[in-house]
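This report concerns only the one structure given below.
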Amino acid sequence: MKAGLLGDRITGSLFLLIGIGAIWHAWSLDVPFAADPVGPKAFPMVVGALLAIAGASILLRPDEIAWEVGDYGRVAVVAGTSFFYPLALEFIGFVLATALLCFACGKAFRGPTIGTAIASVALSVTFLLLIDVVLGLPLPRGPLGI
């Protein structure tokens, strides 16, 4: 087995195990019903399921994942933006922080500037409406109140 393919199998296995562990842990969470309309299980279960699916797809992939020139930079942009996203939520609010995160990720994957900007704003407003208005879970509004 080639070194790259072995690395893919190890990465896929780790993602799969972490995802299953997150789902298992989330299943054991128990708080009073009135504490949160959705409950504490939803988010870690969704993230765990996504990690498990990603891990299984990497693990079952027949070929080695090939990296292109610039891939490491794109991964660094997405990781860095994702790291600063929760820190920015309180200061600039959900809509602006989410729009900036979406824009950075879109540009990292070579999206057109105008289309990426429009889609980023549309996604952040849609998420705000779904989470804040429909589900009734308050999100940080930031200094602009949006």
Side-chain angles (χ1 to χ4, degrees), residues 4 7-61 63-146:
D8 290 350
R9 299 301 179 246
I10 291 170
T11 302
S13 299
L14 287 173
F15 278 19
L16 182 62
L17 289 173
I18 291 170
I20 291 170
I23 293 168
W24 178 76
H25 178 69
W27 196 264
S28 69
L29 294 175
D30 189 31
V31 295
F33 177 73
D36 189 351
V38 177
K41 294 181 181 183
F43 183 74
M45 287 186 88
V46 168
V47 171
L50 290 173
L51 275 171
I53 290 168
S57 68
I58 292 170
L59 188 60
L60 299 173
R61 186 181 175 98
D63 298 326
E64 177 182 347
I65 297 174
W67 287 78
E68 297 176 8
V69 174
D71 283 347
Y72 292 109
R74 287 192 289 278
V75 169
V77 167
V78 172
T81 308
S82 298
F83 176 77
F84 286 109
Y85 175 72
L87 303 173
L89 279 174
E90 290 298 322
F91 295 107
I92 61 176
F94 178 81
V95 173
L96 187 55
T98 303
L100 291 173
L101 173 69
C102 292
F103 184 77
C105 291
K107 288 306 293 176
F109 288 98
R110 301 183 184 116
T113 303
I114 300 298
T116 301
I118 292 169
S120 298
V121 171
L123 277 171
S124 64
V125 170
T126 301
F127 288 155
L128 175 75
L129 293 174
L130 286 174
I131 296 169
D132 197 71
V133 177
V134 175
L135 293 176
L137 301 172
L139 293 171
R141 298 297 179 136
L144 301 177
I146 54 171

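Along the sequence shown, residues are numbered consecutively beginning with 1.
- In plain terms, the two heavy atoms of S120 and A99 that are nearest each other are CB-O, 3.4 Å.
- To the nearest 0.5 Å, atom CD1 of residue I23 and atom OG of residue S28 are 12.5 Å apart.
- Counting heavy-atom neighbours within 6.0 Å of Y85 OH, excluding the residue itself, gives a total above 12.
- Summarising the geometry, atom CG belonging to D132 is positioned 9.0 Å from atom CZ belonging to F94; distances are rounded to the nearest 0.5 Å.
- Atoms CG and OG1, from L89 and T98 in turn, are 6.0 Å apart once rounded to the nearest 0.5 Å.
- Atom-to-atom distance recorded for L14:CG and L59:CG is 10.0 Å, nearest 0.5 angstrom.
- Considering CG of L16 and OG of S57, their distance stands at 10.0 Å, rounded to 0.5 Å.
- Among the candidates T113, T116, T81, the single residue satisfying the side-chain hydrogen bond (donor to acceptor under 3.5 Å, both in side chains) test with K107 is T113.
- Around atom CD1 of I114, no more than 12 heavy atoms belonging to other residues, nucleotides or ligands sit under 6.0 Å away.
- T126 pairs in a side-chain contact (heavy atoms from CB on, under 4.5 Å) with only one of the listed residues (L129, L123, L130), which is L130.
- At distances below 3.5 Å, not a single donor-acceptor pair connects side-chain atoms of R74 with backbone N or O atoms of C105.
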Q) Please walk me through it: do L128 and V133 pass side-chain contact (heavy atoms from CB on, under 4.5 Å)? A) CA-CA 7 Å; L128 175 75; V133 177; 5.9 Å; no

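- Atom CZ of F103 has more than 12 heavy atoms from other residues, nucleotides or ligands within 6.0 Å.
- Taking CG of L60 as the reference point, atom CZ of R9 lies at 7.5 Å (rounded to 0.5 Å).
- Nearest heavy atom pair, residue A108 against residue V77, reads CB-CG1, 4.1 Å.
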